[in-house]
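Values below: all heavy atoms of this structure, side chains included; hydrogens, waters and symmetry mates excluded. Counting starts at 1 for both ligands and their atoms, in listed order. Heads up: numbering here begins at 1 and tracks the sequence.
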Amino acid sequence: MKELTDQELLRYHRQINLRSVDLDGQTALKNARVLVVGLGGLGCAAAQYLTVAGVGQLTLVDGDTVDVSNLQRQVLHHDSRIGMNKAESARQTLTVLNPNCQFEVIPHYLDESSALALVAAHDLVLDCSDNLDTRNLLNLTCFMQKTPLVSGAAIRFEGQVTVFRWLQDEPCYHCFSQFFSSNQVGQSCVEAGVLAPIVGVVGSLQAVEALKLLTKAGTPLSSQLLLIDGLNGQFRAMKLQKNSSCVVCGDDARTNSYSEIDTP
Ligand SMILES: [Zn+2]
């Protein structure tokens, strides 16, 4: 267990002051290893707050390169980074934000061959991806490893956030994602559009949940889906039920193979 230096005690003072974080929580953050999958709008917002808040090690995963159309909402990337891998671009900005934090860059998309080992090497995973295949892969892999997963999504003026802890009576992503129509979940920001700060709100809330889990503060947003309606200024939490016949986490689930999980 690495202890906080005097310089870090000063740097994180406003956070250590919080009773539910305290020295123990801040020390836990310094020793935490967090996997961020996707360095688009959600990943940029979440990763910047995890970095400045003092998470010790962040692994950044993205196979995509920075495009001019990303700059409207992906705040870690700049004009000079167009064409650069997004995970590498994010690392360059994050290193400036907090030199105490260590970064590893995985300049590839997450796939079945790499997911298990990557998740196993981390204490917590943030799903900041924009596609259903990655969401399902992370859900199954984190379930198998019992690694907490903080999931976020954003489109148009809307967002959603939830947490999976893999407790006996709590649902997984697959438990409820099958009730969304494929049209709903298959839509991307490319077709539907997204308002810049909506990804910031969702990514920031993912960072809040991640920091709570790592410091054991408060009550995690599990078994609930927080729905953000930016257009009407409404936040609402929807209760999520575990599906006992879920192929991932249900009573008869056989989760020894990725191929058994169908996309909804
Ligand atoms: Zn399930």
Side-chain angles (χ1 to χ4, degrees), residues 34-38 42-43 46 61 109-155 158-188 202-203 205-210 212-214 216 218-228 235-264:
V34 175
L35 182 66
V36 180
V37 179
L42 303 178
V61 184
Y109 292 110
L110 192 79
D111 61 21
E112 288 178 17
S113 63
S114 61
L116 208 58
L118 261 180
V119 169
H122 293 84
D123 304 305
L124 183 137
V125 178
L126 268 78
D127 183 353
C128 300
S129 70
D130 60 356
N131 67 84
L132 203 55
D133 287 346
T134 306
R135 288 189 192 288
N136 282 322
L137 178 60
L138 278 177
N139 180 62
L140 175 58
T141 311
C142 290
F143 171 76
M144 289 160 79
Q145 300 276 330
K146 301 290 180 276
T147 305
L149 172 64
V150 181
S151 177
I155 200 161
E158 297 141 37
Q160 55 189 47
V161 184
T162 189
V163 168
F164 302 106
R165 293 186 297 176
W166 320 115
L167 303 185
Q168 192 63 42
D169 55 343
E170 291 187 353
C172 79
Y173 179 72
H174 201 266
C175 282
F176 63 93
S177 66
Q178 57 188 309
F179 302 118
F180 297 152
S181 71
S182 56
N183 192 24
Q184 250 177 316
V185 285
Q187 255 191 342
S188 71
V202 173
L205 285 169
Q206 286 183 269
V208 169
E209 290 303 313
K212 279 163 57 187
L213 287 165
L214 293 169
K216 299 186 169 58
T219 309
L221 188 63
S222 53
S223 295
Q224 298 173 74
L225 185 66
L226 181 66
L227 298 162
I228 298 134
F235 278 56
R236 150 173 102 84
M238 190 171 94
K239 189 100 184 101
L240 298 176
Q241 301 286 348
K242 187 185 177 86
N243 173 4
S244 58
S245 57
C246 174
V247 293
V248 175
C249 72
D251 301 335
D252 303 320
R254 288 171 298 146
T255 52
N256 51 358
S257 163
Y258 286 116
S259 59
E260 288 171 27
I261 310 303
D262 300 323
T263 51

side-chain contact (heavy atoms from CB on, under 4.5 Å) with Ser223: which residues, sequence neighbours excluded?
->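 Per chain and number, Ser223 pairs via side-chain contact (heavy atoms from CB on, under 4.5 Å) with Glu170, Pro171, Lys239.
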
Hits for salt bridge (charged side-chain N to carboxylate O under 4.0 Å, His left out) against Lys242, two or more places apart or cross-chain, chain-then-number order -> none

**Item:** Donor-acceptor contact present, side-chain Glu209 to main-chain Leu221, <3.5 Å
**Value:**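 Yes, because the side chain of Glu209 sits within donor-acceptor range (under 3.5 Å) of the backbone of Leu221.
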
Please work out which of the three classes, parallel, tilted or perpendicular, describes the rings of Phe164 and Trp166, given edges at 30° and 60°.
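Judged by the thresholds at 30° and 60°, the geometry between Trp166 and Phe164 is parallel.
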
Protein-derived N, O or S atoms sitting under 2.8 Å away from the Zn ion (ligand 1) total 4

In short, salt bridge (charged side-chain N to carboxylate O under 4.0 Å, His left out) pairs touching residues 138-148 with sequence neighbours left out are none

Separation between NE2 (His122) and SG (Cys142), nearest 0.5 Å, reads 11.0 Å

